K.L.:
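Sharing a structure below in structure tokens format, with a few things to ask.
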Amino acid sequence: MITSEQQIGRLKSIEQFSARAYGDGKGHSSIGYGHQIQSNEGQLLLGSITQAFAEQLMRNDIAPLEDQINNNLSASPSQNQFDALIDFGFNCGGGALDKVIITWNNSGGDTSPVTAEIGQYVKWHNTKTGVLENNADLESRRAMEITLFNSILPPVLAGLVASPAVPLIAVCVFGLAIFYIFS
């Protein structure tokens with residue numbers, strides 16, 4: 001499987017474009033749509049990049065996550081589940097994604113342990129206090145990923161449901177309109 005274009009759009013929206021490098025507070029620098037600059041990419045620290053190049057960097061960052069899911073998941077995910085795992089892995093890294101994959105493989109088809117594992121990743125190290133604490137942005141992102149993971153809607157509609165910016169009532173009205181048109 002590959003990441004849907006809807007998920008690419010979600011990641012671009014969540015990560016937000018930065019043409020110049022910025023620090024993450026932990027000694028790392030990122031650019032574009034959340035691309036963490038590697039030691040062999042020092043030139044990215046000095047200049048600016050286009051949105052098209054930023055998207056290519058993001059797609060390059062996603063490719064190993066796609067391989068990780070495709071090569072290690074014991075059951076075939078739906079597109080929504082795949083996209084939710086990509087979002088999670090992009091935000092939390094391959095090590096955390098591996099833990100979710102192991103949980104899935106050991107769940108016997110029950111997805112609730114998988115979403116529970118995803119839901120644990122809501123803490124961050126406060127760089128000022130050094131304390132590990134809950135982060136509202138991470139809580140919101142995990143909730144979006146879990147909603148997407150559990151959604152049986154097509155990816156385009158699932159993305160609307162998973163988006164915290166779209167009221168659920170609008171999605172319901174849209175769904176009813178689609179049902180009326182095709183019935």
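Predicted model, so just to flag it, every value in this text is computed and none were measured.
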K.L.:
Please answer: with hydrophobic residues joined when any side-chain heavy atoms are less than 4.5 Å apart, are Trp124 and Tyr121 in the same cluster?
P.N.:
no
K.L.:
Kindly indicate whether the side chain of Glu55, heavy atoms from C-beta on, has any atom under 4.5 Å from the side chain of Phe17.
P.N.:
no
K.L.:
Working to the nearest 0.5 Å, report the span between CD of Gln43 and CD1 of Ile37.
P.N.:
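Here the interatomic distance stands at 8.5 Å.
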K.L.:
When rounded to the nearest 0.5 angstrom, what is the spacing between CG in Asp67 and CG in Asn72?
P.N.:
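Rounded to the nearest 0.5 Å, the CG-CG separation comes to 9.5 Å.
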K.L.:
Can you tell me how far the CD atom of Glu5 sits from the CG atom of Asp83, to the nearest 0.5 Å?
P.N.:
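Taking CD in Glu5 and CG in Asp83, the distance rounds to 10.0 Å.
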K.L.:
Could you tell me which non-hydrogen atom of Ile14 sits nearest to which non-hydrogen atom of Met144, and how far apart they are?
P.N.:
CD1-CE, 3.6 Å
K.L.:
Might you point out which heavy atoms bring Ile146 and Thr115 nearest each other, and give the distance in Å?
P.N.:
CD1-O, 3.4 Å
K.L.:
Quick check on the hydrophobic clustering: are Ile69 and Ile102 connected, directly or via other members, by side-chain heavy-atom contacts under 4.5 Å?
P.N.:
no
K.L.:
Do Thr103 and Ile118 have side chains that approach each other closer than 4.5 Å (heavy atoms only, starting at C-beta)?
P.N.:
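The answer is no, as the side chains (C-beta and beyond) never meet within the 4.5 Å cut-off.
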K.L.:
Below 4.5 Å, heavy atoms only, C-beta onward: do Arg10 and Gln6 meet side chain to side chain?
P.N.:
yes
K.L.:
How long is the span from the OG atom in Ser74 to the CD1 atom in Ile101, to the nearest 0.5 Å?
P.N.:
10.0 Å
K.L.:
Mind checking whether Phe149 and Trp104 have parallel, tilted or perpendicular rings, split at 30° and 60°?
P.N.:
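Taking Trp104 first and then Phe149, their aromatic rings stand perpendicular (interplane angle over 60°).
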K.L.:
If you define the side chain from C-beta out and look only at heavy atoms, does anything of Asn135 sit under 4.5 Å from Lys123?
P.N.:
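Not in contact.
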K.L.:
Can you list every salt bridge (Lys or Arg N to Asp or Glu O under 4.0 Å) pair that touches residues 102-119, not counting sequence neighbours?
P.N.:
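Sorted result for residues 102-119: empty, none.
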K.L.:
Could you give me the CA-CA distance, side-chain angles and deciding distance for Lys12 and Met58, then say whether side-chain contact (heavy atoms from CB on, under 4.5 Å) is met?
P.N.:
CA-CA 9 Å; Lys12 288 168 70 173; Met58 182 180 66; 3.6 Å; yes
K.L.:
Answer yes when Glu139 and Arg142 have at least one side-chain N-carboxylate O distance shorter than 4.0 Å, and no when they do not.
P.N.:
no
K.L.:
May I ask you to test the Leu73-Phe82 pair for a side-chain heavy-atom distance under 4.5 Å?
P.N.:
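With C-beta onward as the side chain, the pair stays apart.
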K.L.:
Which heavy atom of Cys92 sits nearest to which heavy atom of Ala96, and what is that distance?
P.N.:
CB-CB, 3.7 Å
K.L.:
Go through it in stages, so that I can follow the logic: the residues are Ser29 and Leu45, the test is side-chain contact (heavy atoms from CB on, under 4.5 Å), and I'd like the CA-CA distance, side-chain angles, deciding distance and then a yes or no.
P.N.:
CA-CA 8 Å; Ser29 294; Leu45 293 168; 3.6 Å; yes
K.L.:
Using a distance-only test with no angle check, is there a side-chain donor-acceptor pair under 3.5 angstrom linking His35 and Glu15?
P.N.:
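Side-chain D/A pair, His35 to Glu15: absent.
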K.L.:
Using the rule that Ile, Leu, Val, Met, Phe, Trp and Tyr join whenever any side-chain heavy atoms are under 4.5 Å apart, tell me whether Phe53 and Leu11 fall into a single cluster.
P.N.:
yes
K.L.:
Counting C-beta onward and ignoring hydrogens, is there a side-chain heavy-atom pair between Leu65 and Thr3 closer than 4.5 Å?
P.N.:
no
K.L.:
Looking at CG of Asn150 and OG of Ser112, how far apart are the two atoms once the value is rounded to the nearest 0.5 Å?
P.N.:
9.0 Å
K.L.:
Would you call Leu97 and Ile86 a side-chain contact if the rule is heavy atoms closer than 4.5 Å?
P.N.:
no
K.L.:
Which atom pair, heavy atoms only, marks the closest approach of Ala54 to Gly32?
P.N.:
CB-CA, 3.5 Å
K.L.:
Would you say Thr147's side chain and Ala143's backbone share a donor-acceptor pair under 3.5 angstrom?
P.N.:
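Yes.
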K.L.:
Looking at Leu44 and Ile31, what are the two nearest heavy atoms and their distance?
P.N.:
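For Leu44 versus Ile31, the nearest heavy atoms are O-CD1, 3.5 Å.
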K.L.:
Just so I know, are the side chains of Leu57 and Tyr33 near enough to count as touching, which here means a heavy-atom distance under 4.5 Å?
P.N.:
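Not touching, per the 4.5 Å side-chain cut-off.
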K.L.:
Within a 6.0 Å radius of atom CD1 on Ile2, are there more than 12 heavy atoms belonging to other residues, nucleotides or ligands?
P.N.:
no
K.L.:
Of all heavy-atom pairs between Gln38 and Gln36, which one has the smallest distance, and what is that distance?
P.N.:
NE2-O, 2.9 Å
K.L.:
Distance from Ile152 atom CD1 to Gln81 atom CD, nearest 0.5 Å?
P.N.:
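Reported value, rounded in 0.5 Å steps: 11.0 Å.
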